[in-house]
*Asks:* 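Please read through the structure below; I'll follow up with questions.
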Amino acid sequence: MSIQWFPGHMAKTRRLLLEQLKWVDVVLELADARIPVSSRNPMLNNLLGNKARLLLLNKADLADSNWTSKWLKHLKELSPVYAVSATTGVGVKQIVPELERMVLAKQAKQAEKGIRPQMIKVMIVGIPNIGKSSLINQLTGGAQAKVGNKPGVTRGNQWVRIHERVELLDTPGMLWPKFDDVEVGKKLAALGAIKDDVFDIEELSNWIIDWLNLHSPNSLSRYKIEESEVTLESLGRKRGCLIHGGRVDTLKAAQIFLRDLRMGQLGPITMDHLDK
Ligand SMILES: Nc1nc2c(ncn2[C@@H]2O[C@H](COP(=O)(O)OP(=O)(O)OP(=O)(O)O)[C@@H](O)[C@H]2O)c(=O)[nH]1
Ligand SMILES: [Mg+2]
C-alpha cells in the first residue's frame with residue numbers, strides 16, 4: 001500500500017510560505033519526536049534557502065526518551081534542536097531565548113546602521129497535526145490558535161505575538177507531493193498526519209502491528225492478549241468489537257488500535273531509528 005496526500009490547500013500553503021518568508025527572521029520547524037526523519041518535509045531545504053531554522057521535536061512526551069536523546073545528539077550537529085511537548089509544556093521555555101540568540105548577529109549588524117531592535121518574526125512550519133497551533137497556545141498561555149485532533153485544522157496564515165519581542169506566524173500543515181520511501185507515508189499515516197479516509201486503515205494497522213512485533217513487542221503486550229498473537233481479530237475480540245454471528249468488526253478494531261497508538265496508550269514509541 002502506497003499512501004500519498006497533497007491536496008490543493010497544501011500547494012497553496014507552499015505558496016503562502018514563500019510569500020511570507022521575506023518577513024521572517026527564523027523558521028521554527030516542528031517535527032514529530034516519534035518520527036524525527038519521516039516527519040520532516042524535504043521540500044523545506046529548497047523553500048527556505050539559508051533562512052535560520054530552529055528544529056523542535058514535538059510530542060516528545062509520546063516518544064521513547066532513549067531514542068529522543070540519540071536523535072537530539074545526532075540532529076544538533078546540523079541545526080539547533082530541542083525536544084518539547086506542546087501539551088505538557090516540557091522544553092517550551094527554551095524556545096524564546098534560543099530565538100533571541102539566533103537573531104543576535106543580525107540585530108548587531110542593524111544596530112551598527114542605527115536601526116533599533118525590531119520584533120523577531122518567526123514562522124512555524126510542519127506537517128499536519130504536529131502541534132503547531134498547540135505550541136502557539138502553550139507559548140502564549142492562551143487559546144489563540146485553533147487546535148484539533150485531526151490533520152488540517154489551521155487554514156490560512158495568522159500572526160500571533162508570543163512574547164514582547166517575538167511574533168509568530170501559524171501556518172497550515174503541509175506535506176510533500178511524493179513520499180519516496182513508502183514507509184514514510186505509512187509512518188505519517190500511523191501517527192495521524194494524513195487524513196484517515198485516504199488510506200485503508202485495516203491494512204495500515206496490520207503493517208504497524210508487524211512493525212511493532214519486530215521493533216517494539218512490549219507495546220503490543222499492553223493489550224494483554226495472551227492466548228494468541230495480537231491481530232485486529234484478537235484485539236477486536238478482546239475489546240468487544242463484534243458484529244452479528246460473533247464475527248469481529250476488524251474496521252472498528254483498527255480504529256481503536258490507531259487511536260491507542262496515537263494517544264500513547266501503547267507506551268512511548270519511536271518509529272524512526274538511527275542506523276548506528
Ligand atoms: N501528547 C501530545 N499531544 C500533542 C502535542 N502537541 C499537540 N498535540 C495534540 O495533537 C493534536 C494536533 O494539534 P494542533 O496544534 O491542532 O496541530 P497543528 O499542527 O496545528 O495541526 P494542523 O493545523 O491541522 O496542521 C491535538 O490533539 C493536540 O492536543 C504534544 O506535544 N503531546
Ligand atoms: Mg494548526
Side-chain angles (χ1 to χ4, degrees), residues 5-17 20 27-36 38-41 43-44 47 54-65 67-68 71-72 81-95 122-160 162 168-176 187-198 219 255 258-272:
W5 193 43
F6 193 71
H9 66 82
M10 290 191 196
K12 193 170 149 213
T13 298
R14 180 166 59 181
R15 289 196 294 278
L16 282 172
L17 296 192
Q20 296 292 325
V27 171
L28 194 58
E29 180 190 356
L30 254 69
D32 190 318
R34 298 167 297 176
I35 41 171
S38 304
S39 60
R40 294 189 73 185
N41 188 336
M43 288 196 307
L44 289 183
L47 273 176
L54 173 57
L55 174 62
L56 299 179
L57 303 183
N58 189 39
K59 306 201 180 184
D61 55 306
L62 301 175
D64 177 330
S65 55
W67 276 115
T68 302
W71 276 116
L72 286 175
V81 54
Y82 295 102
V84 302
S85 167
T87 44
T88 68
V90 167
V92 169
K93 280 207 179 75
Q94 306 169 90
I95 297 172
V122 179
M123 179 161 76
I124 190 163
V125 300
I127 58 172
N129 210 26
I130 183 60
K132 299 175 293 298
S133 301
S134 303
L135 181 68
I136 290 183
N137 291 339
Q138 182 65 240
L139 284 162
T140 54
Q144 302 254 5
K146 194 170 164 212
V147 168
N149 189 15
K150 58 180 186 186
V153 171
T154 302
R155 294 294 172 98
N157 287 350
Q158 63 172 142
W159 282 101
V160 179
I162 59 159
L168 220 151
L169 178 66
D170 192 9
T171 65
M174 188 175 71
L175 291 163
W176 48 104
K187 290 174 181 176
L188 287 168
L191 299 181
I194 295 179
K195 225 163 54 155
D196 280 342
D197 36 353
V198 306
S219 310
Q255 285 163 342
L258 283 182
R259 199 184 54 215
D260 287 350
L261 174 79
R262 291 169 182 171
M263 308 263 291
Q265 299 294 322
L266 307 184
I269 284 173
T270 299
M271 295 185 80
D272 278 345

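First listed ligand is number 1; within each ligand, the first listed atom is number 1. Computed from a prediction, not measured in an experiment: that's the story for all the values here.
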*Asks:* For atom 8 (N) of ligand 1, which candidate among K59, R34, M263 provides the closest heavy atom?
*Replies:* K59

*Asks:* By number and element, which atoms of ligand 1 are closer than 4.0 Å to a non-hydrogen atom of S85?
*Replies:* 30 (C), 31 (O), 32 (N)

*Asks:* Got an N, O or S from S133 under 2.8 Å of the Mg ion (ligand 2)?
*Replies:* yes

*Asks:* Could you give me the CA-CA distance, side-chain angles and deciding distance for Y82 and L54, then say whether side-chain contact (heavy atoms from CB on, under 4.5 Å) is met?
*Replies:* CA-CA 8 Å; Y82 295 102; L54 173 57; 4.0 Å; yes

*Asks:* Where's the contact between N129 and ligand 1, heavy-atom distance under 4.0 Å: side chain, backbone, both or neither?
*Replies:* both

*Asks:* Counting from 1, what ligand 1 atoms have a heavy atom of A86 closer than 4.0 Å?
*Replies:* 6 (N), 30 (C), 31 (O)

*Asks:* Can a donor-acceptor pair be found between the side chains of D61 and S85 at a distance below 3.5 Å?
*Replies:* yes

*Asks:* Please compare L30, D61, L135 and report which has the shortest non-hydrogen distance to atom 1 (N) of ligand 1.
*Replies:* D61

*Asks:* Just to verify, which of V125, V122, L169 counts as forming a side-chain contact (heavy atoms from CB on, under 4.5 Å) with L28?
*Replies:* V122

*Asks:* With heavy-atom distances below 4.5 Å as the criterion, would you say the side chains of L16 and T171 are in contact?
*Replies:* no

*Asks:* Out of M10, K195, K132, Q138, whose heavy atom sits nearest atom 19 (O) of ligand 1?
*Replies:* K132

*Asks:* Report yes if some heavy atom in the side chain of K195 is under 4.5 Å from a heavy atom in the side chain of P128; otherwise report no.
*Replies:* no

*Asks:* Relative to the heavy atoms of N58, which atoms of ligand 1 are at a distance of less than 4.0 Å?
*Replies:* 5 (C), 6 (N), 31 (O)

*Asks:* Quick one: which ligand 1 atoms are inside 4.0 Å of a heavy atom on G173?
*Replies:* 25 (O)

*Asks:* For ligand 1, which is the ligand I care about here, please tell me if D170 has any N or O atom under 3.5 Å from one of the ligand's N or O atoms.
*Replies:* no

*Asks:* Ignoring hydrogens, just give me the one of T87, V84, T88 whose non-hydrogen atom is nearest atom 3 (N) of ligand 1.
*Replies:* T87

*Asks:* Between P172 and ligand 1, is there a nitrogen or oxygen pair with a distance under 3.5 Å?
*Replies:* no

*Asks:* Rounded to the nearest 0.5 Å, what separates atom CD in Q138 from atom NZ in K93?
*Replies:* 9.0 Å

*Asks:* For ligand 1, which atoms, with element, lie under 4.0 Å from some heavy atom of S134?
*Replies:* 7 (C), 13 (O), 14 (P), 15 (O), 28 (C)

*Asks:* What part of L62 sits under 4.0 Å from ligand 1 if we count only heavy atoms: the side chain, the backbone, both or neither?
*Replies:* side chain

*Asks:* Apply side-chain contact (heavy atoms from CB on, under 4.5 Å) to residues N129 and R262 and explain how you reach the verdict.
*Replies:* CA-CA 11 Å; N129 210 26; R262 291 169 182 171; over 6 Å; no

*Asks:* Do D170 side-chain atoms and V160 backbone N/O form a donor-acceptor pair below 3.5 Å?
*Replies:* no

*Asks:* L56 versus L135: any side-chain heavy-atom pair under 4.5 Å?
*Replies:* yes

*Asks:* Considering residues at least two apart in sequence or located in another chain, which fulfil the salt bridge (Lys or Arg N to Asp or Glu O under 4.0 Å) criterion with D272?
*Replies:* K187

*Asks:* Could you tell me whether P128 and ligand 1 have an N or O pair separated by under 3.5 Å?
*Replies:* no

